[in-house]
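Note that the coordinates shown come from a computational prediction; the quantities given were computed from them, not determined experimentally. Convention: sequence-line order gives letters A, B, ...; per-chain numbering from 1. Atoms considered below: every heavy atom in the structure, side chains included; atoms not considered: hydrogens, waters and symmetry mates.
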Amino acid sequence: MYRTHTCGSLTKENVGTTVSLAGWVNRRRDHGGLIFIDLRDREGIVQAVFNPEISPAALKIAEQLRSEYVITLTGEVAKRPAGTENPRIPTGDVEVIVKEVEILNTSNTPPFYINEEIDVDENVRLKYRYLDLRRQRMKENLQLRHRVTKYMHDFLDARGFTEVETPTFIKSTPEGARDYLVPSRLHPGSFYALPQSPQQIKQLLMVGGLEKYYQLARCYRDEDLRADRQPEHTQLDVEMSFVTQEDVLQLLEELYFSLARAVKPDLKVIRPFPRLTYADVILRYASDKPDLRYGLEIADITNIAARTDFAVFKNAIASGGVVRVLAAPGCGEYSRHQLDELNQLAVSAGAKGLLTISLGSPGDKLSALSQEMIKSVAAKYLTLEQVKSIAKACGANPGDLLLIVAGEPDKIYPALDALRREIARRFNLADPSILNFAFIIDFPLIVLNRETGKWEAANNPFTHPKDEDISLLDTAPEKVHGKNYDLICNGMELGSGSIRIHRSELQKKILRILGYDDERIKLLFGHMLEAFDFGAPPHGGFGMGIDRTIMVLSGEQNIRDVVAFPKNQSAMDTMLGAPSPAAEEQLTELRLRLLEEE
RNA sequence: GGCCCCGUGGUGUAGCGGUCUAACAUGCCACCCUGUCACGGUGGAGAUCGGGGGUUCAAAUCCCCCCGGGGUCGCCA
């Protein structure tokens with residue numbers, strides 16, 4: 001037996017007892033005749049004392065100990081001598097007087113600090129991920145992750161859900177992301193696809209009468225990586241029969257509200273979660289996942305701009321554009337350089353330009369604004385009244401800076417969103433002690449792809465149209481809203497879901513609008529349509545990103561910090577050295593041959 | 001593929017044309033030290049400044065190309 005107790009669990013209660021501990025040498029303090037070791041295991045750290053008067057043999061071994069050596073020791077728990085207690089660690093009242101110690105393994109000098117929370121180059125962290133996982137931050141994130149998934153299992157079990165495992169080798173589908181393919185040895189030339197999500201399969205489970213299904217499902221997408229995107233991620237996948245959108249939203253809210261309370265009781269969560277329509281958030285925040293912890297709302301001033309003599313506005317509006325404004329509080333005295341920075345940000349986000357109007361220095365009321373206080377390249381084209389009404393529209397006051405972007409809606413949203421987030425960042429407006437959940441609802445069901453001129457499913461082709469919009473499918477498909485919803489929190493999309501189509505006629509109709517002919521429909525979706533014709537119940541559900549949920553709960557800005565063994569931005573695992581070339585024999589067996597590089 | 005940022009001993013930083021034979025902290029090695037807890041003290045090893053080319057009398061420093069990493073757009077729910 002290596003140990004009777006864990007390091008972090010020792011308290012005054014244990015004083016006088018003999019314990020055995022095992023762990024890593026966190027730090028050694030050698031006083032010559034007396035050596036202190038901070039012994040670390042998963043549960044915490046405790047001080048071990050090597051005293052020549054107790055055990056000269058143990059002291060001898062302690063002299064050889066170095067950072068990250070693995071040891072086991074036996075000794076007596078003692079109250080620390082008065083005045084030597086360490087209030088900074090939970091076990092600081094006691095120490096272990098070592099009688100015996102054994103080195104279970106030595107360690108090379110670690111390539112970075114394990115016992116200090118200093119930022120280390122991520123290359124090095126990922127190459128030695130197993131060492132990085134010993135550090136407090138990663139340990140806490142993984143433990144939080146476990147508590148979250150455990151909570152989800154318990155929550156759904158208590159409500160009658162059945163966990164079902166679905167296959168990871170499935171069929172490639174044309175919709176959505178690029179698939180990861182797995183070559184079939186038994187069927188040369190054919191490939192399985194790894195699931196982007198178990199979407200179709202969970203719907204078929206509903207046809208199968210499961211009624212309440214869930215799974216923590218691994219999902220795969222062969223697309224470029226981002227701070228919140230990995231090639232594989234885990235999703236809480238849920239599907240229910242005989243539910244309305246309201247039923248699903250209630251369940252989701254209950255789950256995430258109680259989850260947050262359970263695992264992060266210090267964070268503030270407001271209930272009920274606001275429900276905002278897609279049209280509303282796009283107008284007010286230029287984003288479908290706005291961070292609602294701060295205001296900085298965007299206002300439409302197309303009508304005001306149309307009456308000015310400013311050619312940029314007039315031209316933009318004439319070609320179907322709009323004009324939107326955002327107030328940057330207290331930025332009225334920004335320097336030329338600072339204004340340039342914001343302009344650059346807007347341009348790099350796709351705007352043609354950024355018009356800034358400085359409202360002078362703070363103090364006065366908006367009604368007291370005078371022409372002299374206004375500084376802008378467009379000042380001579382705008383009347384004082386026009387500037388006032390623009391300022392009023394976005395709630396700006398003297399001392400603020402108006403940020404105005406004009407152009408086609410699709411082109412200026414990214415810029416407005418970037419500006420809004422940048423202003424929030426500069427003034428630390430996003431309170432880290434708040435979890436601001438919200439549902440986004442009433443998405444368009446179908447959108448026109450400008451490049452291809454084709455209709456595309458905004459969510460997925462299985463989303464049920466809102467009942468009152470079904471009649472519009474034939475006349476104005478772009479006006480049809482779907483019964484789908486996103487859950488967002490602090491500027492991050494945690495996941496989405498929908499009520500699905502469960503009747504084959506409607507499903508066929510949607511697929512035809514999306515440009516599939518009957519032959520393709522049969523080929524690609526025949527199994528779904530056939531299943532629907534065997535008494536498919538009405539159903540709906542959601543898929544929530546576990547990784548992103550952990551990010552939001554832990555406050556981590558990068559998905560790699562909530563995953564034990566993530567890929568870097570080039571989708572490589574530098575620890576394992578994956579991906580790697582396949583052996584010639586493997587390729588031959590699969591009847592595969594590599595093309596020459598271009 | 002485009003744009004932006006970063007690359008200096010193991011780690012984190014400083015240096016941003018000459019005083020760099022590259023500094024500081026920490027880590028590492030050796031010795032000293034019986035109450036420390038980021039122990040302390042003394043000494044020591046450790047970097048061709050990501051790679052290549054160029055400008056210059058002189059390059060870690062300026063320019064170009066490449067490589068690696070990160071962020072982002074495209075892509076992706």
Review point. Could you walk me through whether A/N141 and A/E556 pass the side-chain hydrogen bond (donor to acceptor under 3.5 Å, both in side chains) check?
Key: CA-CA 9 Å; A/N141 288 349; A/E556 290 287 0; 2.9 Å; yes

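- Note: CD (A/Q344) to P (B/G2) measures 19 Å, nearest angstrom.
- With respect to A/R500 and A/E239, a salt bridge is recorded, a charged nitrogen being found less than 4.0 Å from a carboxylate O.
- Taking the C1' atoms as reference points, B/U13 lies 22 Å from B/G71, given to the whole Å.
- One atom, CG of A/D38, and another, C1' of B/C39, lie 11 Å apart when rounded to the nearest Å.
- Across B/G7 and B/U61, the matching C1' atoms stand 14 Å from one another, rounded to whole Å.
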**Study point:** side-chain hydrogen bond (donor to acceptor under 3.5 Å, both in side chains) between A/Q196 and A/D179, worked out
**Key:** CA-CA 7 Å; A/Q196 298 174 26; A/D179 285 318; 2.6 Å; yes

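- Residue A/K202 comes nearest to A/D237 through the heavy atom pair NZ-OD1, 2.7 Å, listed as atom of the first residue, atom of the second, then distance.
- Taking atom C1' in both B/C31 and B/A45, the straight-line distance is 15 Å, to the nearest Å.
- Taking the C1' atoms as reference points, B/G9 lies 13 Å from B/A25, given to the whole Å.
- Nucleotide B/C37 holds its P atom 11 Å from the CZ atom of A/R27, rounded to whole Å.
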**Study point:** Summary of protein contacts for nucleotides 30-36 of chain B, nucleotide by nucleotide, where a base hit scores B, a sugar-phosphate-only hit scores S (4.0 Å, heavy atoms)
**Key:** S--BBBB

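- Using Watson-Crick or G-U wobble geometry with both donor-acceptor distances under 3.5 Å, B/C3 finds its partner in B/G71.
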Check your understanding: Using a cut-off of 4.0 Å between protein heavy atoms and nucleotide atoms, how would you tag nucleotides 67-77 of chain B 5' to 3' with B, S and -?
Key -> --SBBSBBBBB

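- Residue-to-nucleotide contacts include no donor-acceptor pair under 3.5 Å from the side chain of A/Y128 to the base of B/G10.
- One C1' atom belongs to B/C16, the other to B/A23, and the distance between them is 14 Å to the nearest Å.
- The two residues A/Q230 and A/L225 have their closest heavy-atom pair at NE2-CD2, 3.8 Å.
- As a whole-Å value, the separation of A/D119 CG from B/G10 P is 19 Å.
- At whole-Å resolution of the value, CG in A/L131 and C1' in B/U11 are 13 Å apart.
- Nucleotides B/C49 and B/C20 are separated by 10 Å at their C1' atoms, to the nearest Å.
- Residues forming a side chain to side chain donor-acceptor pair (under 3.5 Å) with A/T84 (at least two apart in sequence, or on another chain): none.
- Checked by atom type, the side-chain pair A/Y285/A/D280 shows no donor-acceptor distance below 3.5 Å.
- Distance A/D93 CG to B/C37 C1': 14 Å, rounded to the nearest Å.
- One C1' atom belongs to B/C6, the other to B/G50, and the distance between them is 11 Å to the nearest Å.
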